[in-house]
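Note that the structure is a prediction, hence the values are computed from the model and not measured. Residue numbers start from 1 in every chain, and the chains themselves are labelled A, B, ... in the order their sequence lines are given, proteins ahead of strands.
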There are 2 protein chains.
Amino acid sequence: MTEHADPATMPYRPRATLRDVAAMAGVSMKTVSRVVNGENGVTPQKVDAVRQAISRLDYRPNLSASALRRSSGRTAAIGTVLEDLANPFSSALLRAVEDVANEKRVLILAGSVDEDQQRERALVRAFTERRVDGLIVAPVGEDQGYLRAEMEAGTPLVFVDRQPQGLLADCVLSDNESGARQAVHRLADVGHRRIAYLGDLALIPTAEQRFAGYQRALLERGLPLDPAHVVHDLHTVDDAARATTALLRGLGDGNGPTAIFASQNLVTIGAITALQDLGLEDSVALIGFDDFPLADLLKPRVSVIAQNPSEMGRVAAELLFQRLDGDRGRPQRILLPTTTVLRGSGEIPPAVP
Amino acid sequence: MTEHADPATMPYRPRATLRDVAAMAGVSMKTVSRVVNGENGVTPQKVDAVRQAISRLDYRPNLSASALRRSSGRTAAIGTVLEDLANPFSSALLRAVEDVANEKRVLILAGSVDEDQQRERALVRAFTERRVDGLIVAPVGEDQGYLRAEMEAGTPLVFVDRQPQGLLADCVLSDNESGARQAVHRLADVGHRRIAYLGDLALIPTAEQRFAGYQRALLERGLPLDPAHVVHDLHTVDDAARATTALLRGLGDGNGPTAIFASQNLVTIGAITALQDLGLEDSVALIGFDDFPLADLLKPRVSVIAQNPSEMGRVAAELLFQRLDGDRGRPQRILLPTTTVLRGSGEIPPAVP
DNA sequence: ACGCAGCTTGACAATGTTGTCAACGGCGGC
DNA sequence: GCCGCCGTTGACAACATTGTCAAGCTGCGT
């Protein structure tokens with residue numbers, strides 16, 4: 001057990017500083033600094049002496065102090081404000097950001113907002129107080145104007161998933177409207193004329209855009225927009241399941257929808273749950289917006305309009321680092337295409353009357 | 001468009017410091033510091049003047065400088081080293097850590113290691129160089145002794161998911177062996193005598209423990225351990241799918257396994273893919289270790305031994321904060337129980353010969 | 001008038017680091 | 001013998017902030 005240390009009795013050894021290393025190596029602090037930062041102009045003997053002292057003392061440079069003093073002031077960390085680190089969309093995006101940042105040896109501070117404006121602001125504030133070099137934000141509040149001060153201070157800012165309001169800045173978005181339009185067109189292609197819309201909170205811009213795409217496609221196909229087939233403000237699996245059940249139960253014969261467009265991940269899953277409970281999963285068509293793991297193992301396999309959260313994260317991070325490298329060009333608005341993935345559930349034809 | 005600022009032409013205004021605020025408010029820096037930190041002993045007029053200057057200058061305190069000077073030296077940030085931020089286990093754990101940290105107004109630095117020892121060390125180093133107040137680590141390397149220096153320096157450390165080696169420290173783990181044992185017992189309960197084991201990389205301690213549980217249960221049931229029914233080192237969905245196919249195809253009639261225990265998330269999914277491809281999903285029983293989203297929407301619904309990553313994160317974070325609050329007790333090893341969730345796939349009986 | 005207590009306030013040092021610059025000793029060129 | 005140059009080195013100030021402490025003020029009691 002000698003290799004095990006017991007914290008209760010573990011000797012407390014405060015962190016060594018440059019000063020300690022310098023004292024042990026018998027050189028000035030500046031010389032240690034030079035060795036640590038790999039600057040040249042130090043004789044090999046001194047380098048050795050310093051190296052030895054460093055490892056003997058388990059010296060770890062203090063990056064905060066370093067950043068404070070350095071002219072650039074860079075902390076080599078960026079902040080990432082996302083909807084919910086536990087959901088697959090956010091976490092895939094985060095991971096992609098991490099991969100880009102990692103190449104630049106930059107760390108990631110991350111936080112979830114859960115659709116809470118207060119939290120968005122609190123997180124941004126906490127990040128900037130730590131002087132992150134840049135921010136990636138999936139905005140949730142109705143106004144991002146409060147971020148102007150950060151931009152003016154030179155902290156680059158890239159928005160993802162949703163367009164910021166009250167501030168012109170780089171952003172990377174899915175082409176929500178076009179994706180939703182595609183979905184409805186595909187359903188119409190197999191003959192559906194009564195296509196329901198199940199949507200997220202109507203005030204979320206992405207939900208709005210997807211609804212716009214839905215409406216546009218109906219118009220293009222000359223299909224009527226039946227208010228009874230439109231449900232907004234579904235935000236959880238249970239919400240969606242209940243709404244789906246209501247929609248299909250309440251069908252005055254021949255008037256119920258024969259296909260469903262679910263405008264979001266959790267809504268899609270809720271709809272599937274309901275369809276399975278009603279035994280209708282093979283008779284009502286379904287296309288969901290946003291892919292999800294295992295969609296292709298369900299029966300029927302679930303057709304989706306896939307977003308690409310990794311790509312979104314990658315592109316956003318790369319944009320951010322371009323800005324950090326000095327790019328002062330006009331702010332960009334990058335629209336990522338969606339992919340229509342037909343797996344089965346979207347190709348179910350309407351029942352012949 | 002007046003509310004839109006264009007970064008290309010946006011005025012650059014460097015961040016205001018305490019000094020700037022003090023100058024504008026006509027007081028000393030110390031007084032500003034007092035106001036910012038809510039200390040009392042400042043007349044209301046001065047407080048007002050300072051507040052005004054702060055908002056006029058968009059002053060943001062510099063927490064790095066603050067931490068540097070403060071006696072505690074706390075940075076109000078913790079580092080979290082996980083397997084892969086994009087996988088559901090890691091991200092649920094991270095989210096739970098975030099929730100606990102959030103209450104204490106502590107931020108999270110996060111990174112993925114991808115089974116790479118180098119990366120584990122690099123991340124820990126990067127975190128400690130930023131003087132995080134504590135670390136939560138899902139260790140991947142074979143020796144965590146290198147962390148002793150950090151512990152001695154007073155940085156609390158909690159391991160999750162896997163036990164550290166070469167270092168005695170707090171850790172929070174799932175009861176892998178018992179969970180795996182349960183799984184095999186449940187399969188034996190419905191009559192299976194040829195139960196295959198599909199395992200992750202054998203050198204991962206959790207995989208080892210799960211295999212131990214599998215072996216133990218076989219022993220307890222008096223079932224033979226058939227090497228042909230044991231496959232190790234599966235780490236991806238594809239690996240697992242191939243292995244499953246091979247296992248079931250290669251069945252000399254009457255010798256193939258009638259049930260499968262899949263020791264990990266991705267392996268379970270791979271096995272399901274293969275079973276579906278072979279049309280055997282309703283005839284070969286399956287229990288997977290670790291729950292996954294939508295397991296209860298598949299057909300058959302997938303039985304699992306569920307871990308509780310959120311709970312793991314929550315408990316680990318709380319332990320960490322206890323240590324930060326000064327608890328110097330002996331290091332704890334917390335075993336979280338698993339839950340057996342029988343949904344259908346695990347209750348399929350063996351085909352009658 | 002004086003001393004003293006209590007509150008407010010600011011000067012100064014310190015945190016751990018790096019940028020600036022001058023000093024050092026040795027050397028070749030005048 | 002002196003100048004200037006070289007590579008190396010360290011003294012010092014600075015970064016943004018907070019802890020310490022003494023000075024300043026008011027009002028009170030004597």
Side-chain angles (χ1 to χ4, degrees), chain A residues 13-50 53-54 57-77 128-133 153-155, chain B residues 13-50 53-54 57-77 128-133 153-155:
Chain A
R13 184 166 65 147
R15 287 196 189 285
T17 70
L18 257 196
R19 165 180 269 99
D20 304 326
V21 177
M24 173 173 276
V27 299
S28 79
M29 290 166 56
K30 180 68 221 198
T31 298
V32 179
S33 168
R34 276 190 267 258
V35 172
V36 170
N37 293 302
E39 297 169 31
N40 46 15
V42 184
T43 54
Q45 307 89 289
K46 300 228 171 193
V47 173
D48 267 6
V50 170
I54 286 179
L57 292 169
D58 282 319
Y59 169 70
R60 302 272 182 280
N62 183 329
L63 237 61
S64 307
S66 170
L68 188 61
R69 186 61 183 83
R70 279 194 143 89
S71 30
S72 81
R74 292 274 171 92
T75 52
T128 56
E129 289 187 349
R130 279 166 183 84
R131 296 294 186 272
V132 292
D133 296 337
T155 306
Chain B
R13 183 166 65 146
R15 286 195 188 285
T17 70
L18 259 196
R19 165 181 268 100
D20 303 325
V21 177
M24 172 173 277
V27 299
S28 78
M29 289 165 56
K30 180 69 219 197
T31 298
V32 179
S33 168
R34 276 189 266 257
V35 172
V36 170
N37 293 301
E39 297 170 32
N40 46 16
V42 184
T43 54
Q45 308 86 291
K46 300 229 170 188
V47 172
D48 268 6
V50 170
I54 286 180
L57 292 169
D58 283 319
Y59 169 71
R60 302 271 181 281
N62 183 329
L63 237 60
S64 306
S66 170
L68 186 61
R69 185 61 183 84
R70 278 194 145 88
S71 29
S72 81
R74 293 273 170 91
T75 52
T128 55
E129 290 187 349
R130 281 168 182 83
R131 295 295 185 273
V132 292
D133 296 337
T155 306

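When the P atom of dG16(C) is taken as reference, atom OH of Y59(A) falls 10 Å away, rounded to whole Å. If you measure from atom CE of M29(A) to atom P of dC15(D), you get 17 Å, rounded to the nearest angstrom. Taking atom CG on N62(A) and atom P on dT17(D), their separation rounds to 16 Å, with Å as the unit. Distance N40(A) CG to dG7(D) C1': 10 Å, rounded to the nearest Å. Atom pair R70(B):CZ and dT17(D):C1' shows a separation of 9 Å (rounding to whole Å applied). In this structure, K30(A) atom NZ and dT17(C) atom C1' are separated by 9 Å, rounded to whole Å. For the pair L68(B) CG and dA13(C) P, the computed distance is 18 Å after rounding to whole Å. Between R15(B) atom CZ and dC15(D) atom C1' there is a gap of 15 Å when expressed in whole angstrom units.
Proximity of a side-chain donor or acceptor of R69(B) to a complementary backbone N or O of S66(B) within less than 3.5 Å is not detected.
Of all nucleotides listed (dG16(C), dG10(C), dT8(C)), dT8(C) comes nearest to the side chain of T43(B). Distance from the side chain of S33(B) is smallest for dT18(D) among the nucleotides dT17(C), dG10(D), dT18(D). The nucleotide whose nearest atom lies closest to any side-chain atom of E39(A) is, among dG10(C), dG19(C), dG16(C), dG19(C). Residue A65(B) places its side chain closer to dT17(D) than to any other of dT17(D), dT9(D), dT18(D). Checked against dG10(C), dT9(D), dT20(C), the side chain of V42(A) finds its nearest nucleotide in dT9(D).
Between N37(B) and dT18(D) there is a side-chain polar atom (N or O) within less than 4.0 angstrom of OP1 or OP2. Side-chain nitrogen and oxygen atoms of S28(B) include none within less than 4.0 Å of the OP1 or OP2 phosphate oxygen of dT9(C). Distances shorter than 4.0 Å separate some side-chain N or O of S66(B) from OP1 or OP2 on dT18(D). Listed pair K46(A) / dT8(D) fails the phosphate criterion, with no side-chain N or O lying under 4.0 Å from OP1 or OP2.
Checking T75(B) against R130(A) by side-chain atom types alone, no donor-acceptor pair falls below 3.5 Å.
In this structure, T155(A) and R15(B) have side chains that are in contact, with non-hydrogen atoms separated by less than 4.5 Å.
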When you look at R70(B) and N37(B), which way does the side chain to side chain contact (heavy atoms under 4.5 Å, CB included) test go after all the steps?
-> CA-CA 12 Å; R70(B) 278 194 145 88; N37(B) 293 301; 3.3 Å; yes
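Residue side chain R69(B) does not reach the base of dT15(C) through any donor-acceptor N/O pair under 3.5 Å, judged by distance alone. Remark: the R34(A) side chain and the dG10(D) base include a donor-acceptor N/O pair separated by less than 3.5 Å. At a cut-off of 3.5 angstrom, counting only N and O atoms as typed in the model, there is no donor on one side facing an acceptor on the other between the side-chain of R60(A) and the base of dG16(C).
Across every non-hydrogen atom of G73(B) and D133(B), the tightest pair is O-OD1, 4.5 Å.
Within 4.0 Å of V36(A), counting heavy atoms only, lies no atom of the nucleic acid at all. Among the protein residues, R19(A) comes within range of no part of the nucleic acid, since none of its heavy atoms lies under 4.0 Å from any strand.
The local environment of CZ in R19(A) is sparse, with at most 12 non-hydrogen atoms from other residues, nucleotides or ligands closer than 6.0 Å.
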